[in-house]
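Structure first, then comments.
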Amino acid sequence: MPGFTNIIRSTIREIAGINDVATVEYPAGLPAAMRPIAQDGVALLIDYQSPAYAQLYCDRLRRFIGKRGVDDALFVEIARLLAARMSYLDPIRIAQLKLHEPVTPGRKPAVDKRRFRLDELVSSLPDIVGKPAMRLLERIYCAHRTVQISFSKASILGIKRLEFEAWMRHWRRLSTRYEMERVWVERWLHMIDRALTKRPDAVIAVVRSATMIEGYGTGYRHGMAAWHQIIDGLVKPSFDGALDIADLSGAIERARAVPRDPKGELLRKTIGDIRGHALAH
């Protein structure tokens, strides 16, 4: 019962904006040349979620200011990709973007139709309802089924539905999907940190690996799975000293280029070949 009460309390605080901040504080020591890219990220994430979420973005950037091996170009790349990943595409975001679309007088707004997996939709709900719903979907073997959802400003009803879906951003940080994204972002940032220390030659490849994960639906899931395969099979073992890959950056790029299949078998074979070659030498 105390756990349930805490969930209710957190939900109310999030919806009421009690957890928000008045202004976003940029990291101390942020070079003037880097401020525009940080400002772009902050503006994006305030629109996406809230000032408090944009503050989290700034707090995450702080760890790279003045860090050895991080020049202006690398910092810009990290800041740009971090903002992109923190504004992941979920049904709530698609509704927000649809509301932002300009309406041309005399032309009927286009209807945007998207297909989502049921587990993807449910994971965007607050845990208090999302987790029980997910268990039910898994029990009846429907979690991976897809449904088509229309996003449209062609009618008053369609606009009102978009507004409600966009309002649901207040629930986003209470969802299973948000927690999954949070864990992923932190792991990506950790791998960048380790690359700067262990393999500076591969740091840009590690940073840009974030582009493997984009969109929504099955493509998003495959990208996430492939990223973890590459990190667990090549990058982390190299950092740990268990695998000596002379051209780690090239190995990451080779693995990224592998066409994705549902079970990841092609990528698994490629990673095995790279590992075998490294161990043989």
Side-chain angles (χ1 to χ4, degrees), residues 14-15 17 36-37 39-51 53-54 57 79-126 129-130 133-134 137 142-178 180-182 184-185 208 210-227 256 259-262:
E14 192 70 24
I15 292 175
I37 188 69
Q39 289 174 328
D40 287 345
V42 165
L44 169 64
L45 296 173
I46 288 176
D47 177 68
Y48 180 83
Q49 185 64 38
S50 64
Y53 194 52
Y57 168 75
R80 180 180 68 84
L81 292 175
L82 177 59
R85 284 307 313 138
M86 288 181 68
S87 56
Y88 57 88
L89 199 61
D90 59 5
I92 299 170
R93 184 55 176 168
I94 294 173
Q96 289 177 298
L97 294 175
K98 196 67 179 177
L99 285 170
H100 291 338
E101 285 184 2
V103 176
T104 303
R107 292 184 60 182
K108 190 174 181 179
V111 177
D112 192 357
K113 297 180 179 180
R114 311 278 184 125
R115 294 200 71 86
F116 295 94
R117 289 171 32 145
L118 288 174
D119 57 356
E120 184 175 21
L121 293 174
V122 168
S123 69
S124 296
L125 298 173
V129 293
M134 186 71 75
L137 289 176
C142 290
H144 295 178
R145 289 190 179 181
T146 62
V147 294
Q148 181 174 281
I149 297 179
S150 296
F151 298 85
S152 173
K153 295 171 69 175
S155 68
I156 295 297
L157 182 60
I159 292 172
K160 291 300 180 182
R161 203 196 81 188
L162 289 174
E163 290 174 346
F164 173 73
E165 289 167 339
W167 176 86
M168 287 178 66
R169 70 185 182 278
H170 297 293
W171 291 353
R172 187 185 269 132
R173 297 182 74 180
L174 303 168
S175 68
T176 301
R177 174 71 183 277
Y178 173 78
M180 181 177 70
E181 292 288 342
R182 185 194 66 78
W184 180 87
V185 167
R208 290 177 178 166
T211 60
M212 293 178 64
I213 306 170
E214 60 183 2
Y216 58 92
T218 301
Y220 167 86
R221 296 282 176 162
H222 288 174
M224 178 71 79
W227 185 86
R256 283 188 57 181
R260 294 168 193 168
D261 59 285

Kindly give the heavy-atom pair with the smallest separation between [X] and [Y], and that separation in Å.
X	Y	value
S150	K113	OG-CG, 3.6 Å
M134	V122	N-CG1, 3.7 Å
V111	S152	CG2-OG, 3.6 Å
A166	L99	CB-CD1, 3.8 Å

Checking [X] now: which residues fulfil salt bridge (Lys or Arg N to Asp or Glu O under 4.0 Å) with it, not counting sequence neighbours?
X	result
D261	none
R93	D47
K153	none
R115	none

Side chains of residues 210-220: which donor-acceptor pairs under 3.5 Å do they make with residues two or more places apart or in other chains?
from, atom 1, to, atom 2, distance (Å)
T211, OG1, R208, O, 2.8
T211, OG1, R256, NH2, 2.7
Y220, OH, E181, OE2, 2.3

Decide yes or no for [X] and [Y]: does some side-chain heavy atom of the first lie under 4.5 Å from some side-chain heavy atom of the second?
X	Y	value
M168	L125	yes
Y178	Y53	yes
R182	R173	no

* Candidate pair R221 and M224, rule side-chain contact (heavy atoms from CB on, under 4.5 Å), full reasoning -> CA-CA 5 Å; R221 296 282 176 162; M224 178 71 79; 5.8 Å; no

Sequence neighbours excluded, which residues qualify as side-chain hydrogen bond (donor to acceptor under 3.5 Å, both in side chains) partners of [X]?
X	answer
E101	K98
Y48	R172
W227	S209
T176	D127

* To do: Take the angle between the ring planes of W167 and W171 and call it parallel below 30°, perpendicular above 60°, tilted in between.
  => perpendicular

Hey, could you give me the [atom1]/[atom2] distance between [X] and [Y], rounded to the nearest 0.5 Å?
X	Y	atom1	atom2	value
R169	S175	CZ	OG	14.5 Å
Y88	S124	OH	OG	6.5 Å
Q49	I92	CD	CD1	7.5 Å
L45	L82	CG	CG	7.5 Å
E120	L89	CD	CG	8.5 Å
L44	S87	CG	OG	4.0 Å

Of all residues at least two apart in sequence or in a different chain, which pass the side chain to side chain contact (heavy atoms under 4.5 Å, CB included) check with [X]?
X	result
V42	V24, Y26, I46, A54, Y57, C58
D40	none
R161	I149, F151, E165

